[in-house]
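I have placed the structure first, in the form of C-alpha cells, so that the comments after it can refer back to it.
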Amino acid sequence: MPRITLPDGSHRDYDAPVDGIRIAGDIGERLLKASIGLKVDGEIRDLGHLIESDAQVSIITSGSKKDDPEQDALFLVRHSCAHVMAEAIERVVPGAELVYGPPTDMGFYYDIRFPVDRTLSSEDFPAIEEQMKEIIAEDRPFRRYQFGREEGMSKLQDEGSKYKIDNAERAIEAGSDELSWYVTGELGTDWEDLCRGPHLPSTGRIGAFKLLSVASSYWHGDASSDSLTRVYGTAFSFPAQLQRHLDQLEEARRRDHRVIGKKQNLFRIDEEVGQGLVLWQPGGAVVRRELEEFIRSHLIASGYDMVYTPHVAKLDLYRTSGHFPYYRESQFPPLLAAEFLDAIADEGCSCAELSHRIGEGSVEGFMLKPMNCPHHIKIYDAEARSYRDLPVRLAEFGTVYRWEQSGELNGLTRVRGFTQDDAHIFCTEDQVGEELLGCLSLAKLVLSTLGLEDYRVRVGLRDTDSTKYIGDPARWDRAEEACRQAASSLGVPYVEEVGEAAFYGPKIDFVVKDAIGREWQLGTVQVDYNLPERFDLSYTGSDNSSHRPVMIHRAPFGSFERFIGILIEHFEGAFPTWLAPEQARVLPISMKHVDYARGIVDRLVAVGIRVTLDDSDERVNAKIKVAADERIPYLLVVGGRDEEAETVSVRQRGIGDRGAIPVDAFIDELVAEVRERRLPMAAKEEV
RNA sequence: GCUGCUGUAGCUCAGUGGUAGAGCACGUCCUUGGUAAGGACGAGGUCACGGGUUCAAGUCCCGUCAGCAGCUCCA
C-alpha cells in the first residue's frame with residue numbers, strides 16, 4: 001500500500017501500485033497537463049512508472065523557465081530528443097547503426113556508426129530536422145518494454161548490433177536484472193531503441209530543438225577502437241529557452257579571444273612560425289608586460305626571489321628529473337649534438353635505429369625545456385642550504401615547450417610554447433602548510449584585482465587503493481591535510497577529488513568563473529616529494545644533520561598565454577585602463593586644433609599614459625566610432641572651446657560623454673586610476 | 001592523432017568550369033566638421049601549397065600544410 005510523500009511534506013495513500021499520471025491527476029488537472037516525469041526517491045523516472053511501495057515523489061513538469069534547478073525536465077526532454085534524432089537519422093541514412101545517445105549538460109548527442117561509404121555533415125541537418133519535426137508533430141508516446149536478461153539478450157542477438165549488445169552486457173555487468181526498450185509509438189510497427197530511460201510521455205513534449213554539430217568520437221572513448229560519428233543537438237521545453245541558449249552561444253562567440261586578438265592586434269599565430277607558437281604584437285605585449293609587472297611586484301613582496309634560466313638544457317638533466325625519455329610524446333624532439341650525430345653516422349646508424357635510440361633515451365643532446373623545475377632545482381642546489389635559509393622561493397616567468405597534439409591547439413588557451421608564472425618553493429615539511437596558504441593568498445589577491453572574484457579550488461588527493469604513488473603514506477596524509485587546511489582557510493568553495501593527485505604529491509587546482517559564467521582551469525599548486533629525491537637535495541637541520549627538503553610547484557595562473565586569453569574573453573577586449581594597450585586617444589575636432597591636441601598628448605605621455613593622437617582628416621563622429629570599436633578607455637575630444645578653457649572633453653568607455661574637464665584634473669584622475677589598477681565599473685558588476 | 005567543415009586583398013566575406021569581386025582598412029584629393037562612419041578617386045591578389053582531370057580550374061579529384069567544432073590527450 002504505497003504512501004506517496006510529496007515535496008511539501010504532505011502525503012497520499014494508495015491501496016494499489018500507482019503511477020505518476022494518477023498522482024498528478026489527483027493533485028490537479030493543470031499539474032497533470034504539465035507533468036513530464038517523476039522523481040522517485042531521488043531517481044528520475046517515466047511519468048508512467050509504477051510505484052509499488054512508500055516513496056518520496058516529486059512531479060517533474062516542463063514548468064516555468066526558471067523553475068528547474070536540477071535540470072530534470074531538460075534531462076528528459078534531451079534524452080527523448082536524442083531518440084527522435086536517431087530515428088530521423090535512420091530514416092535519412094539507411095544502414096546507420098546506433099551506438100549510444102545520452103543527454104549532456106548543454107544538450108544531447110548520439111554516437112552513430114555510418115556505412116563505410118557515407119558520412120554525415122551539417123548539410124544533412126535540414127533533412128534530419130525536418131524528419132524530427134514530423135515525429136514531434138505526430139506526438140507519439142514513448143512506451144517502455146522490459147525483458148528479462150536472457151529474453152532481452154536473445155532479442156538483441158536477433159537484431160545483431162554489436163554496439164547495442166555491448167551496451168546491454170555492460171548494463172547487466174553493472175547489476176541490471178532486466179533490459180528495457182523504448183518504443184516511440186506502437187510496439188512492432190514504430191521505432192524502438194534499447195534504452196534504460198527515462199523518457200517524456202510523448203514526442204510532442206519536446207518544445208524546441210536544434211542540431212548543432214557533428215564530430216567524431218571513439219567507441220568506449222578508445223582511440224584504437226571503432227570510430228563513430230557523434231551528432232550534437234540541444235533541446236528545451238520552450239522555444240524561448242532555446243533562443244536564450246543560442247544567444248548565450250552567440251555571446252561566447254563575440255568574446256572569442258582569437259577574434260578579439262586579431263581585431264585589436266594583440267597577438268598572432270603564424271603558420272610559417274608554427275602551430276601553437278604565439279607572436280605577441282605590441283598591444284598584446286603591453287597587456288602581458290603590465291600583468292607581469294603586477295605579479296612580479298606581489299611575488300617580491302611575498303618573499304620570492306626572481307631568477308632567469310635558459311630555454312634548453314642537456315638531456316642528462318631531464319634524465320635525472322625523469323622527464324626524458326618518459327614523457328617523450330609530449331615534448332619537442334631532442335636537439336641532437338652534432339658530434340653525437342657524426343659519431344653514430346660513422347657507425348652506420350640508420351634513421352630507424354636513431355628513432356629507436358631516441359625512444360629509449362640513449363642519445364646525447366639538448367632539449368627544449370618542458371618544465372622549469374629542474375633548472376630551479378639546480379639553483380637551489382648551487383649553495384649549501386641550512387634550515388635557516390628555508391623556505392627558498394625561486395620564481396621565474398619561465399617559458400616552456402610542449403608538443404601538444406595538433407587537434408588540441410586552440411588560440412592562446414592551448415599552445416606549444418608558453419610562459420608560466422612559475423615558482424618552486426623548497427621548504428621543510430613543517431613549513432608546507434604555511435607555504436601552501438601563501439600561494440593561495442597570493443593568487444586570491446591577483447584574481448580579485450582582475451575582477452575574477454568567483455572561483456573555486458580543487459584539492460587532488462591520492463587514491464589509497466592505488467600503488468602508483470611514491471613516498472611515505474604518513475607523509476602523504478600530512479601533506480593532504482595541509483592542502484585541505486590551506487584550501488578551507490582561504491574562504492572560497494573547494495572540493496576534494498580522490499585519485500586526482502600527481503604520483504609525487506597532492507595538489508590544488510584553480511578554477512575561475514568569468515564574466516559570463518564559464519569556468520576555466522588555471523594553474524596548480526603541487527606538493528612534490530619526488531624531485532628532491534631524484535636530485536638528492538638537502539639542507540642542514542638544527543640538529544646539524546642532513547635533511548631532504550619538500551618542494552612545492554606553483555603556477556596559479558597557469559601561463560600568461562592562457563591567462564590573457566581568459567582575460568580577453570572576460571573583459572570582451574575592454575581591458576581595465578591599467579592593462580589597456582592604448583589608454584587614451586586625443587581627437588581634435590578639426591585640423592585647426594591639432595597643435596593643442598598634441599600638447600595634451602605630450603602631457604599624458606610625460607606621466608606615463610599610453611596615448612595617441614588621431615590627426616586623421618575625419619569628422620569627430622568617425623574618430624569616435626573607430627576608437628570605440630577599439631575599446632579605448634578614454635577619448636579626449638578637443639576643439640576651440642577646450643583650447644580656450646584649458647580643458648578636454650572626456651568620453652569614457654562604458655559611461656559616455658562626461659563633458660569638459662580641466663586638463664590638470666583629468667590627468668590626476670587618470671593617473672590615480674592606473675596606479676590603483678581600478679576595474680571598470682561594468683566588469684565589477686557582472687562578476 | 002581521429003571525424004566533419006573551412007582556406008580568395010591587411011580584416012570580414014561573395015564568387016559552382018569560360019577575362020578575380022564587395023565592404024572595411026590603406027593612399028591622394030575635396031571637405032574644417034563638438035560626441036558612434038561626410039564625399040570622390042586610387043593602389044592592393046601566385047585564389048594556402050603540390051600534383052591530377054579538362055580546350056579551359058579559384059571552382060572538379062588526390063595529397064600536404066594550416067584554421068574551426070568535437071573526440072582522445074594534458075607530467
Side-chain angles (χ1 to χ4, degrees), chain A residues 104 109 111-114 119-125 212-232 249 253 256 258-259 262-265 268-276 318 321-324 326-331 370-371 373 400 402-411 413-416 501-505 507 521 524 526 528 530-531 553 558 562 587-594 616-630 635-643 647-653 656-660:
Chain A
T104 65
Y109 64 82
D111 281 344
I112 297 168
R113 175 79 169 180
F114 280 96
T119 58
L120 198 78
S121 81
S122 51
E123 285 174 20
D124 296 306
F125 286 0
L212 295 175
S213 64
V214 54
S216 86
S217 61
Y218 303 115
W219 195 29
H220 299 165
D222 174 1
S224 62
S225 187
D226 293 0
S227 177
L228 309 172
T229 300
R230 178 170 294 182
V231 186
Y232 282 88
L249 293 179
R253 259 193 292 278
D256 190 320
R258 294 163 303 188
V259 176
K262 202 179 257 185
K263 194 165 147 197
Q264 299 188 11
N265 287 317
R268 265 330 132 105
I269 294 171
D270 184 283
E271 78 177 69
E272 202 173 357
V273 174
Q275 280 185 290
Y318 300 108
S321 70
H323 293 112
F324 182 80
Y326 188 60
Y327 292 112
R328 185 185 159 224
E329 291 307 303
S330 53
Q331 293 162 359
M371 293 193 115
C373 27
V400 298
R402 300 183 190 179
W403 189 263
E404 301 287 354
Q405 293 184 67
S406 63
E408 290 310 319
L409 299 171
N410 181 278
T413 56
R414 281 299 284 280
V415 291
R416 282 183 173 166
F503 73 88
Y504 49 76
K507 64 175 183 176
Q521 154 95 54
T524 64
Q526 304 185 349
D528 186 352
N530 177 45
L531 285 177
H553 307 250
R562 167 176 277 202
L587 314 179
I589 292 292
S590 83
M591 298 308 270
K592 283 187 286 203
H593 309 106
V594 168
S616 66
D617 190 3
E618 279 294 345
R619 293 177 185 214
V620 73
N621 284 333
K623 295 183 185 183
I624 287 170
K625 167 79 168 93
V626 168
D629 283 348
E630 291 177 42
L635 307 183
L636 310 176
V637 177
V638 295
R641 299 204 294 266
D642 298 289
E643 204 163 338
T647 59
V648 287
S649 295
V650 178
R651 170 176 273 271
Q652 188 173 346
R653 187 187 63 201
D657 188 358
R658 289 175 51 189

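Numbered from 1 within each chain, the chains take letters A, B, ... in sequence-line order. In this text, all values refer to a predicted model and were calculated from it rather than measured experimentally.
In this entry B:G58 has no Watson-Crick or G-U wobble partner, no candidate having both defining distances under 3.5 Å.
Spacing of C1' atoms, B:U59 relative to B:G23, comes out at 23 Å, to the nearest Å. Spacing of P atoms, B:G63 relative to B:U3, comes out at 11 Å, to the nearest Å. Comparing B:U54 with B:C41, their P atoms sit 45 Å apart, to the nearest whole Å. Spacing between B:C61 and B:G17 at atom P, rounded to whole Å, works out to 12 Å. Across B:A14 and B:A22, the matching P atoms stand 16 Å from one another, rounded to whole Å. If you take atom C1' in B:U35 and the same atom in B:G67, they sit 39 Å apart, rounded to whole Å. One C1' atom belongs to B:A43, the other to B:C71, and the distance between them is 47 Å to the nearest Å. Taking atom P in both B:U12 and B:A48, the straight-line distance is 15 Å, to the nearest Å.
Among residues two or more places apart in sequence or in another chain, the salt bridge (Lys or Arg N to Asp or Glu O under 4.0 Å) test is passed with A:Glu618 by none. For A:Gln521, the side chain to side chain donor-acceptor pair (under 3.5 Å) partners two or more places apart in sequence, or in a different chain, are A:Arg458. The ring-ring contact (aromatic ring centres under 6.0 Å, His included) test applied to A:Tyr109 returns A:Tyr232, not counting sequence neighbours. For A:Phe324, the ring-ring contact (aromatic ring centres under 6.0 Å, His included) test picks out no residue, with sequence neighbours left out.
Look at CD on A:Glu630: it is 15 Å from P on B:A37, rounded to the nearest Å.
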Using nucleotides 68-70 of chain B, report all nitrogen or oxygen pairs with the protein that are shorter than 3.5 Å.
{"unit_1": "B:C68", "atom_1": "OP1", "unit_2": "A:Arg258", "atom_2": "NH1", "d": "3.2"}
{"unit_1": "B:C68", "atom_1": "O3'", "unit_2": "A:Arg258", "atom_2": "NH1", "d": "3.3"}
{"unit_1": "B:A69", "atom_1": "OP1", "unit_2": "A:Arg258", "atom_2": "NH1", "d": "3.4"}
{"unit_1": "B:A69", "atom_1": "OP1", "unit_2": "A:Arg258", "atom_2": "NH2", "d": "2.9"}
{"unit_1": "B:A69", "atom_1": "OP2", "unit_2": "A:Arg258", "atom_2": "NH1", "d": "3.2"}
{"unit_1": "B:A69", "atom_1": "OP2", "unit_2": "A:Asn410", "atom_2": "ND2", "d": "3.0"}
{"unit_1": "B:G70", "atom_1": "O3'", "unit_2": "A:Tyr232", "atom_2": "OH", "d": "3.1"}
{"unit_1": "B:G70", "atom_1": "O2'", "unit_2": "A:Tyr232", "atom_2": "OH", "d": "3.0"}
{"unit_1": "B:G70", "atom_1": "N2", "unit_2": "A:Ser216", "atom_2": "N", "d": "3.4"}
{"unit_1": "B:G70", "atom_1": "N2", "unit_2": "A:Ser216", "atom_2": "O", "d": "3.2"}
{"unit_1": "B:G70", "atom_1": "N2", "unit_2": "A:Ser216", "atom_2": "OG", "d": "2.6"}

What N/O pairs connect the protein and nucleotides 8-12 of chain B at under 3.5 Å? Give each pair on its own line.
{"unit_1": "B:U12", "atom_1": "OP1", "unit_2": "A:Lys262", "atom_2": "NZ", "d": "3.4"}

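Within 3.5 Å, no donor on the side chain of A:Arg402 pairs with an acceptor on the base of B:C74, nor the reverse. No donor-acceptor contact under 3.5 Å links the side chain of A:Asn621 to the base of B:G33.
Although no hydrogens or angles enter the test, the distance criterion places no donor-acceptor pair under 3.5 Å between the side chain of A:Glu404 and the main chain of A:Gly276.
At a threshold of 4.0 angstrom between heavy atoms, the contacts of A:Glu618 include nucleobase atoms, whether or not backbone atoms are also involved. Residue-level contact check: A:Tyr109 touches neither bases nor backbone, having no heavy atom under 4.0 Å from any strand. Within the nucleic acid shown, A:Gly656 has no heavy atom closer than 4.0 Å to any nucleic acid atom. Across all strands, A:Glu404 comes closer than 4.0 Å to no nucleic acid atom at all (heavy-atom distances).
Proximity note for A:Ile589 (side chain, C-beta onward) versus B:G33, B:A75, B:C74: the nearest is B:G33. Nearest to the side-chain atoms of A:Val620 among the listed nucleotides B:G34, B:G33, B:A37 stands B:G34.
Residues A:Ala622 and A:Gly274 both approach RNA chain B. Their nearest nucleotides, taken by heavy-atom distance, put A:Ala622 toward the 5′ side.
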